[in-house]
Asker: 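Here it is: the structure, laid out below.
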Number of protein chains: 2
Amino acid sequence: MEPVSTEHVTAFRRFNRYFTRRIGVLDDHYLGQDRPLGEARLLFEIGDGASLRELRSRLGLDAGYLSRMAKTLQAQGMVRLSAHPRDHRLRMIELTAAGRVEVKEQNRRASAAAAGLLEGLSAPQRAELTEALATARRLLRLAGITVDLVDGAAPDARACLDGYAADIDERFPEGFDKSDLVRPQEVSGDAGAFFVAREEGRPVACGALRRLEPGVGEIRHVWVHPDARRLGLARRLLDALEREAAARGFTVVRLDTHAALTEAQAMYRACGYTEIPRYDDNVYAAHWFEKRLSPAP
Amino acid sequence: MEPVSTEHVTAFRRFNRYFTRRIGVLDDHYLGQDRPLGEARLLFEIGDGASLRELRSRLGLDAGYLSRMAKTLQAQGMVRLSAHPRDHRLRMIELTAAGRVEVKEQNRRASAAAAGLLEGLSAPQRAELTEALATARRLLRLAGITVDLVDGAAPDARACLDGYAADIDERFPEGFDKSDLVRPQEVSGDAGAFFVAREEGRPVACGALRRLEPGVGEIRHVWVHPDARRLGLARRLLDALEREAAARGFTVVRLDTHAALTEAQAMYRACGYTEIPRYDDNVYAAHWFEKRLSPAP
DNA sequence: ATATCTATTTGACTTTAGTCAAAGGTCGCG
DNA sequence: CGCGACCTTTGACTAAAGTCAAATAGATAT
């Protein structure tokens with residue numbers, strides 16, 4: 001990938017400094033005025049309940065430290081602690097009514113502060129800011145997402161395929177049967193490839209490549225988690241799959257799509273795929289596409 | 001001013017949370033790995049030397065706390081402390097060679113981290129991100145700038161007029177004589193008005209209004225500090241001045257500009273001003289403008 | 001059933017961050 | 001010259017944040 005120009009690094013760091021100094025501090029300030037910041041953050045992070053283990057990794061805290069904070073909050077009547085129904089090693093933590101009130105109040109304050117800040121802008125400027133922030137967030141998220149080749153049987157691969165199956169089962173009028181997914185061995189090792197995209201460690205998208213016939217690969221199960229859509233992830237997966245296909249000596253890749261997935265069809269067209277006649281007997285497919293690859297360098 | 005919609009508040013807070021959690025922490029992390037964060041920040045803030053007093057107000061630290069940190073850094077050979085040449089109450093602090101090396105190293109690390117993050121994006125995406133961040137920063141700065149009516153003799157007003165005079169003295173081929181500035185009493189109380197824009201407490205722009213003849217006001221000395229240009233501040237000042245003029249019952253405001261200030265002329269035209277014949281004997285003026293005001297509500 | 005791993009709790013710390021007040025120079029002004 | 005304002009230093013604290021290791025109890029694999 002091309003090197004990052006210092007101009008972009010400088011601009012990014014300038015924003016970073018400005019934002020954390022001027023805005024970022026705000027949140028902590030409002031959060032921390034009633035109790036130690038650590039406790040306030042913890043309270044805030046609980047949401048609709050979580051395990052201590054989860055919070056520990058989310059907030060990056062020491063186990064002992066967290067245990068003590070949870071105890072303090074419990075003593076203050078802010079949270080309820082209980083054992084996990086199935087795994088008695090885990091402790092579940094959830095907000096009590098009083099805890100929810102406090103979180104709500106914190107939210108109210110932070111929102112009021114944000115509104116106070118935005119008040120200095122005209123309506124069109126606010127809209128411009130909102131859009132710029134949305135763009136920045138989208139790109140920053142995208143920048144942090146990694147796309148890796150994994151074994152088709154890896155847990156993250158299975159998690160994605162489960163998400164995919166559940167997703168399209170809902171979208172296809174005729175439903176979708178999980179047994180129609182690719183088998184792990186079809187997309188592992190020499191037979192094919194499976195890519196998983198991860199955001200902060202969590203799998204959020206996938207795509208599979210398998211050998212269809214000599215020189216021809218097939219792309220399947222390109223899926224993006226609902227929370228990670230509209231970031232341009234599908235294109236990035238497609239790109240990874242095509243590179244992999246070219247590296248494996250395929251000169252052509254094909255894929256099919258369901259009639260209901262019109263956005264997907266538009267994306268394939270935009271990525272250089274052209275519609276071809278039916279090449280398989282996939283009962284879900286209504287459109288078939290093909291793309292000729294330039295050979296790997 | 002119109003109320004801030006919850007949509008904008010939500011979007012802003014979403015970004016805020018995401019950014020501070022994911023990116024903002026980065027800088028502190030890299031800063032704080034060799035020494036306590038407070039010390040590291042202090043070291044960073046010294047730059048090309050400063051007084052303890054200045055650092056204290058910039059970083060919002062307790063005097064005793066700062067004094068101790070400075071002593072620690074001195075003991076480590078990172079800074080040199082000395083008395084202010086003229087005011088022996090102040091202590092000056094500056095980096096030693098070792099201190100400069102450390103600051104440089106911290107900068108290198110933070111830049112490397114930023115570059116690593118941006119690496120996940122394509123070149124056009126990086127450009128898009130840079131632009132979105134620049135837009136966001138511009139608008140956030142603007143949102144934090146207040147415009148207030150002050151007495152023409154107030155220190156902030158004088159500071160702005162000094163900046164204005166120095167600025168145009170450099171830009172006008174014939175120079176500029178400070179005695180041609182408005183006198184404080186012309187723009188105070190019933191006689192006129194003086195507005196100062198402040199960013200984080202510091203005056204960054206100004207504009208004056210004085211009575212020219214019955215029903216006619218004159219706008220003078222609209223100036224924006226070089227660091228605060230391209231934010232749309234001049235328009236905001238003009239707006240404040242016009243409102244004030246309307247509130248005082250003026251139906252028309254006039255102003256003149258120097259031939260060299262072509263951007264200003266363009267702005268006045270864009271804000272509804274039309275060029276008129278010479279109305280005064282200002283030796284610096286080459287263009288005269290006028291705007292009819294709608295009466296105050 | 002045994003060993004191994006995992007999640008949490010507890011005790012015993014340390015470091016960092018920050019506050020408050022008293023005290024000692026230094027400056028500017030009347 | 002004397003007074004008040006200003007900046008800094010020092011002593012004496014406190015609270016928050018975080019670390020480390022041992023102990024405990026439940027889950028999992030063999």
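Naming convention: chains lettered A, B, ... in sequence-line order (proteins, then strands); numbering from 1 in each chain.
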Asker: What integer distance in Å separates B:L55:CG from D:dC7:C1'?
Answerer: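 Value for this atom pair: 13 Å.
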Asker: Rounding to an integer number of Å, can you tell me how far B:Y65 OH sits from D:dC13 C1'?
Answerer: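 From B:Y65 OH to D:dC13 C1': 15 Å.
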Asker: Would you sort out whether A:Q33 and A:R109 count as a side chain to side chain contact (heavy atoms under 4.5 Å, CB included), showing the intermediate values?
Answerer: CA-CA 11 Å; A:Q33 58 191 18; A:R109 277 192 209 150; 2.5 Å; yes
Asker: If I take atom CD1 in residue B:I93 and atom C1' in nucleotide D:dC7, what distance separates them, rounded to the nearest angstrom?
Answerer: 14 Å
Asker: Thinking salt bridges, do B:D148 and B:R198 make one under a 4.0 Å N-O criterion?
Answerer: yes
Asker: Calculate the interatomic distance between A:L31 atom CG and D:dA16 atom C1'; express it in whole Å.
Answerer: 15 Å
Asker: Can you measure A:R91 atom CZ to D:dT24 atom C1' for me and round it to whole angstrom units?
Answerer: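 Spelled out: CZ on A:R91 to C1' on D:dT24 is 13 Å.
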Asker: Is it true that B:E200 and B:R141 have a side-chain N and a carboxylate O under 4.0 angstrom from each other?
Answerer: no
Asker: Given atom CG of B:L81 and atom C1' of D:dT9, what is their separation to the nearest angstrom?
Answerer: 12 Å
Asker: Restricting to non-hydrogen atoms, name the atom on A:L43 and the atom on A:V79 that form the minimum distance, rounded to 0.1 Å.
Answerer: CD1-CG1, 3.8 Å
Asker: Heavy atoms under 4.0 Å, any strand shown: does A:G64 hit a base, just sugar-phosphate, or nothing?
Answerer: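 Base, at least one base atom sits under 4.0 Å.
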Asker: Under 4.0 Å, counting only non-hydrogen atoms across every strand here, what does B:R68 touch: a base, just sugar-phosphate, or nothing?
Answerer: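 Contact class for B:R68: base.
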Asker: 5'-most contact on DNA chain C: B:G38 or A:E54, nearest heavy atom basis?
Answerer: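 Closer to the 5' end of DNA chain C: A:E54.
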Asker: How long is the straight-line distance from CG of B:D167 back to CG of B:L161, given to the nearest 0.5 Å?
Answerer: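 Answer rounded to 0.5 Å: 12.0 Å.
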Asker: Whole angstroms only, please: what is the CG-C1' distance between A:L52 and D:dA25?
Answerer: 15 Å
Asker: Tell me whether the side-chain N/O atoms of A:R86 come closer than 4.0 Å to OP1 or OP2 in D:dG26.
Answerer: no
Asker: How do A:R41 and A:D87 order along DNA chain D: which one's closest nucleotide is nearer the 5' end?
Answerer: A:R41
Asker: Under 4.0 Å, heavy atoms only, any strand: does A:L66 hit a base, just the sugar-phosphate, or nothing?
Answerer: nothing
Asker: In whole angstrom, give the distance that lies between atom CG of A:L90 and atom P of D:dT28.
Answerer: 10 Å
Asker: For D:dT8, take OP1 and OP2 only and decide whether either is under 4.0 Å from a side-chain N or O of B:K71.
Answerer: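 Negative; the distance criterion is not met.
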Asker: Do the charged groups of A:D28 and A:R41 touch, with an N to O distance under 4.0 Å?
Answerer: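 Yes.
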Asker: If we ignore angles and hydrogens, is there a donor and acceptor under 3.5 Å between the side chains of B:S111 and A:R13?
Answerer: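 Note: B:S111 and A:R13 side chains meet the donor-acceptor criterion.
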Asker: Both A:E39 and B:A70 contact DNA chain D. Which one's nearest nucleotide lies toward the 5' end?
Answerer: B:A70
Asker: Shoot me the first and last contacting nucleotide of DNA chain C against chain B, ordered 5' to 3', at under 4.0 angstrom to non-hydrogen atoms.
Answerer: C:dT16 to C:dC27
